Structures are given as C-alpha cells and as structure tokens.
Amino acid sequence: MNPEIKERWLKALRSGEYKQGTGWLQMDGKYCCLGVLCAIVADEIDLPVEERTDVTNATIVTYGRPNDKTDTDLPNKVVEYVGLGSSDPVVEVATDYKRTLSNLNDNGMTFLEIADIIEREL
C-alpha cells in the first residue's frame, strides 16, 4: 500500500472526525473504514461520488464510475490508486484468525482498533 496514503488513512481513522457506521461505505454521515479511505482520496483521483435515498429514507453514498460503482467495497480505481490487492483487504487479527476490514468494521471493532491492524498488516 502507498505509505503516504496509508498514513493519511490512519490519521483519518484516529481523528474522531468520521463517525463509524456499518453495512455501507457511507450512510447517513457514518462511514465504514473503507468509506473513510474513499472519502480521503476521492478528489485527488476524480472519483465520482453520488448520494441516493433508499426505501427507508437513508442517504447512501456510492463511489465510482458506472462500470465500477459501489457502495459496499472499494472501487477498483481506489484499489489501484492506493496499492491494495483487494476491494476488501483481508488482515490477520490474531494468529490464524483473518478477516476482511469490512467484517471487522461491521462486527464491532472500532476505528482505533482497525487503524492499529491496518498499520501492522497493510
């Protein structure tokens, strides 16, 4: 992973500026850890960002171009730009215990805990 972008991502996750949410990259102003990464690089890679309202009146943010549009995983353009091998990287949480970042995010791990794992694993 690009070290400069990694540092910016870690800083953003640890900053307290982003409220943590689950299920989506960004919904109703709350972010998945992957959504934070999209938010910090979107402008510099001209990544389209669209908002839509779902049937429950939640505002969901979608990132990417029509053939690479997503609201749950990293778009390919972000994966390539930041130098990750996956749209939802697998990290080792403990010895012989691996999970995707979105799984950690959606199952109760805080941004601070996730940042520590990203710092060590990516």
Side-chain angles (χ1 to χ4, degrees):
M1 175 171 198
N2 177 303
E4 186 268 331
I5 295 171
K6 178 179 175 178
E7 285 305 312
R8 289 181 16 222
W9 189 18
L10 294 172
K11 183 178 177 182
L13 289 171
R14 292 172 173 152
S15 71
E17 293 177 34
Y18 295 88
K19 293 181 183 175
Q20 190 170 4
T22 60
W24 306 94
L25 291 172
Q26 183 184 347
M27 181 176 76
D28 290 338
K30 294 181 181 177
Y31 295 79
C32 168
C33 61
L34 300 174
V36 173
L37 181 57
C38 287
I40 65 172
V41 300
D43 286 344
E44 60 200 71
I45 62 173
D46 194 28
L47 186 68
V49 179
E50 294 179 12
E51 289 186 0
R52 65 179 170 84
T53 304
D54 74 0
V55 294
T56 66
N57 285 326
T59 301
I60 297 169
V61 175
T62 301
Y63 293 89
R65 303 205 182 286
N67 62 342
D68 186 31
K69 215 179 224 188
T70 182
D71 51 23
T72 57
D73 292 334
L74 296 173
N76 291 332
K77 189 170 185 176
V78 173
V79 172
E80 292 167 10
Y81 181 70
V82 303
L84 289 171
S86 167
S87 62
D88 191 3
V90 174
V91 292
E92 188 167 69
V93 180
T95 304
D96 295 327
Y97 181 67
K98 296 181 180 185
R99 293 289 179 262
T100 63
L101 289 176
S102 67
N103 180 274
L104 298 178
N105 185 90
D106 292 353
N107 287 290
M109 195 167 277
T110 68
F111 278 170
L112 295 176
E113 293 168 320
I114 292 169
D116 289 345
I117 292 170
I118 290 168
E119 188 168 43
R120 182 182 72 238
E121 293 290 314
L122 298 180

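Source: prediction; values computed, not measured.
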Asks: Can you see which heavy atom on Glu119 is nearest to which on Lys6, and at what distance?
Replies: O-NZ, 3.0 Å
Asks: Determine whether a donor-acceptor pair (N or O, by modelled atom type, separation under 3.5 Å) exists between the side chain of Asp88 and the backbone of Thr100.
Replies: no
Asks: Mind running side-chain contact (heavy atoms from CB on, under 4.5 Å) on Val49 and Gln26 for me, showing each step along the way?
Replies: CA-CA 11 Å; Val49 179; Gln26 183 184 347; 5.6 Å; no
Asks: Please check if the side chain of Asp68 supplies one atom and the backbone of Lys77 the other of a donor-acceptor pair under 3.5 Å.
Replies: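 It does hold such a pair.
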Asks: Linking I/L/V/M/F/W/Y whenever their side-chain heavy atoms sit closer than 4.5 Å, directly or via other members, would Val36 and Ile114 fall into one cluster?
Replies: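 In one cluster with Val36: Ile114, yes.
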Asks: Does Arg99 reach the side chain of Met109, with side-chain heavy atoms less than 4.5 Å apart?
Replies: no
Asks: Do you reckon Val82 sits in the same ILVMFWY cluster as Leu101, going by side-chain contacts under 4.5 Å, direct or chained?
Replies: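 Same cluster: Val82 reaches Leu101 through Ile, Leu, Val, Met, Phe, Trp or Tyr contacts under 4.5 Å.
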Asks: Minimum heavy-atom separation for Pro89 and Leu122, please, with both atom names.
Replies: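 The answer is CB-CD2, 4.2 Å.
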Asks: So does Asp43 have more than 12 non-hydrogen atoms from other groups sitting under 6.0 Å from CG?
Replies: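 Atom CG in Asp43 is not crowded, with 12 or fewer foreign heavy atoms closer than 6.0 Å.
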Asks: From Thr62 OG1 over to Trp24 CH2, what is the distance, rounded to the nearest 0.5 angstrom?
Replies: 8.0 Å
Asks: Does any part of the side chain of Leu47, heavy atoms only, come nearer than 4.5 Å to the side chain of Pro75, both counted from C-beta?
Replies: yes
Asks: Hey, is the main chain of Thr59 close enough, under 3.5 Å, to the side chain of Asp28 for a donor-acceptor pair?
Replies: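 Between the backbone of Thr59 and the side chain of Asp28 there is a qualifying donor-acceptor contact (under 3.5 Å).
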Asks: I want to check something: taking the side chain as every heavy atom from C-beta on, are Tyr81 and Val41 in contact at a cut-off of under 4.5 Å?
Replies: yes
Asks: Is there a side-chain contact (heavy atoms from CB on, under 4.5 Å) between Asp116 and Arg14? Walk through the geometry before answering.
Replies: CA-CA 9 Å; Asp116 289 345; Arg14 292 172 173 152; 2.8 Å; yes
Asks: Write down the atom of Ile45, the atom of Val78, and the distance for their closest heavy-atom approach.
Replies: CD1-CG2, 3.9 Å
Asks: Walk me through whether Phe111 and Cys33 qualify under side-chain contact (heavy atoms from CB on, under 4.5 Å).
Replies: CA-CA 7 Å; Phe111 278 170; Cys33 61; 4.0 Å; yes
Asks: So, for Lys19 and Gly29, which heavy atoms are closest and what is the spacing to 0.1 Å?
Replies: CB-O, 4.1 Å
Asks: Under 4.5 Å between side-chain heavy atoms, counting indirect links through other Ile/Leu/Val/Met/Phe/Trp/Tyr residues: same cluster for Leu104 and Met27 or not?
Replies: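 Leu104 does not cluster with Met27.
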Asks: So, does Glu121 use its side chain to make a donor-acceptor pair with the main chain of Val93 at under 3.5 Å?
Replies: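 Checked: no pair found.
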Asks: Report yes if the side chains of Leu37 and Ile5 come closer than 4.5 Å at any heavy-atom pair, otherwise no.
Replies: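 A side-chain contact exists here, since the closest heavy-atom pair is under 4.5 Å.
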Asks: In Å and rounded to the nearest 0.5 Å, what is the CG to CD1 distance from Leu10 to Ile117?
Replies: 11.5 Å
Asks: Give me the atom names and distance for the closest heavy-atom approach of Asn2 to Glu4.
Replies: OD1-N, 2.9 Å
Asks: From Thr53 OG1 over to Glu51 CD, what is the distance, rounded to the nearest 0.5 angstrom?
Replies: 7.5 Å
Asks: About how many Å separate OG1 of Thr72 and CD1 of Ile60, when rounded to the nearest 0.5 Å?
Replies: 10.5 Å
Asks: Show the numbers, then the answer: is there a side-chain contact (heavy atoms from CB on, under 4.5 Å) between Leu74 and Cys38?
Replies: CA-CA 7 Å; Leu74 296 173; Cys38 287; 3.7 Å; yes
Asks: Any side-chain heavy atom of Asp46 within less than 4.5 Å of one from Arg65?
Replies: yes
Asks: How long is the span from the OG1 atom in Thr110 to the CG atom in Asn105, to the nearest 0.5 Å?
Replies: 9.5 Å
Asks: Could Glu7 and Lys11 be called an ion pair, given the rule that one side-chain N must be under 4.0 Å from one carboxylate O?
Replies: no
Asks: Measure the OG1-CG distance between Thr22 and Asn103 for me, rounded to the nearest 0.5 Å.
Replies: 11.5 Å
Asks: How far apart are the closest heavy atoms of Tyr18 and Ala39, and which atoms are they?
Replies: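 So the two residues come closest at CE2-CB, 4.3 Å.
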